[in-house]
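Structure first, then comments.
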Amino acid sequence: MEKPKIYLSSPHLGTREADFVKEAFDTNWVSTVGPNITAFERELAMYNKIDACAALGSGTAAIHLALIVLGVEAGDEVICSSFTFSASCNPIRYQGATPIFVDSEADTYNMDPVLLEEAIADRIKRGKKPKAIILVHLYGMPSKIKEILEVARKYEVPVVEDAAEALGSKYFGQALGTFGDLGIYSFNGNKIITTSGGGALVSRNTAWIEKARFLATQARDAAPHYQHSHIGYNYRLSNILAGIGRGQLLVLDERVAQRRKNYDFYRNAFADRREIQFLSEPQGFYSNRWLTTAVIKGRISREDMRLKLERENIESRPLWKPMHLQPIFEGCPAYTNGTSERLFNEGICLPSGSNMTTEELQRVADVIHSLLSH
Ligand SMILES: *Cc1c(COP(=O)(O)O)cnc(C)c1O
């Protein structure tokens with residue numbers, strides 16, 4: 001008989017979510033206004049120690065609104081990490097702007113600050129200063145924030161932190177998403193906490209967040225009838241889903257601890273295997289370890305491993321395919337050094353759910369050990 005499936009990262013609810021959702025039902029606050037939304041925004045802002053927060057329908061919507069707030073328009077250029085999920089840069093296209101991709105460095109897998117400076121200088125030389133930088137903290141690992149911000153400030157380009165995968169991660173004690181001009185989080189089903197689907201935009205600039213909320217609710221001007229002087233969006237999170245989010249926030253630290261334990265488990269399980277390399281935290285970097293990633297060297301390929309796990313009913317996945325190699329972004333300028341392409345070819349995401357049991361982790365490790373020993 002087939003063994004039960006082990007997922008890469010599945011939703012993991014706590015005990016309080018249903019209470020908040022029930023309250024929304026009982027009080028008939030089931031739409032896009034209500035006490036759960038207000039409370040979720042406040043609680044999320046408090047957790048991250050940031051001034052203002054807008055709860056939205058997705059992380060993608062949050063990135064889109066961040067770009068609008070920063071004034072990104074058709075014909076503009078926006079720099080984005082190449083090594084990421086397409087949702088990081090699709091909103092650049094929604095605005096009719098051009099993504100400029102910047103490759104990774106090997107210490108964190110995130111945007112290379114040296115290459116970033118080269119890219120900005122080159123774009124300026126060619127006649128256009130980038131309108132914004134979308135900095136992704138992949139798999140929960142903080143980017144080299146100090147170095148990136150130094151470059152951004154030198155050229156006065158605003159930074160949007162895509163912390164969709166990095167809620168609960170910290171850089172020298174400060175929450176990711178709070179270093180840039182704006183930050184975004186995602187509560188999609190596979191992320192560290194979920195609202196089934198949802199996202200948030202945060203900033204120290206309260207006026208920007210108010211503007212984002214206005215745009216997210218169809219941009220209605222103050223009038224008794226429907227009056228519009230801006231293009232609006234239907235991007236608000238519902239009060240029901242915000243209730244799930246409130247419950248999830250209560251267990252976020254626990255989820256981070258569980259994911260970090262998964263990482264420690266894998267790291268220890270393969271301590272004597274030079275063919276499997278893990279990503280360490282540089283000093284002062286604290287990753288939520290959303291997904292444990294490994295780079296596979298030697299005789300067995302990443303794909304051998306993924307297929308072997310699949311045959312054992314275990315879900316794993318290659319690392320993100322870089323955006324500069326995606327057909328849809330062919331022809332977009334890219335500043336590359338080969339790092340993200342190598343990571344894509346050699347890297348694998350191991351099952352990392354916070355609800356995984358030790359037996360399940362052991363099952364994954366046993367399959368990999370048996371593959372490597374053959
Ligand atoms: C999940 C994710 C997003 C998008 O979030 P959604 O809530 O799914 O729209 C953006 N960027 C990265 C890096 C992600 O992993």
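Hydrogens, waters and symmetry mates play no part in the numbers below; they use all other heavy atoms, side chains included. Bear in mind that the values here come from a model prediction, so they are computed numbers and not experimental data. When a ligand or atom number is given, it counts from 1 through the structure's own listing order.
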Filter on ring-ring contact (aromatic ring centres under 6.0 Å, His included), then keep only pairs touching residues 3-32, sequence neighbours left out; what's left? none
Could you tell me whether Phe214 and His230 have their ring centroids closer than 6.0 angstrom? yes
With hydrogens left out, which residues have an atom under 4.0 Å from ligand 1, given that only heavy atoms count? Ser58, Gly59, Thr60, Thr84, Phe85, Ala87, Ser88, Val136, Asp162, Ala164, Glu165, Ser186, Asn188, Lys191, Gly198
Excluding Ile368, membership of its hydrophobic cluster (Ile, Leu, Val, Met, Phe, Trp, Tyr; side-chain heavy atoms within less than 4.5 Å) reads Ile6, Tyr263, Phe265, Tyr266, Phe270, Ile276, Phe278, Ile296, Ile300, Met305, Leu309, Ile314, Ile348, Leu350, Met356, Leu361, Val364, Val367, Leu371, Leu372
Do Arg93 and Phe329 meet the cation-pi criteria used here (NZ or CZ under 6.0 Å from the six-membered ring centre, within 45° of the axis)? no
Members sharing Leu325's hydrophobic cluster (side chains within less than 4.5 Å): none
Tyr286-Tyr171 aromatic ring centre distance below 6.0 Å: no
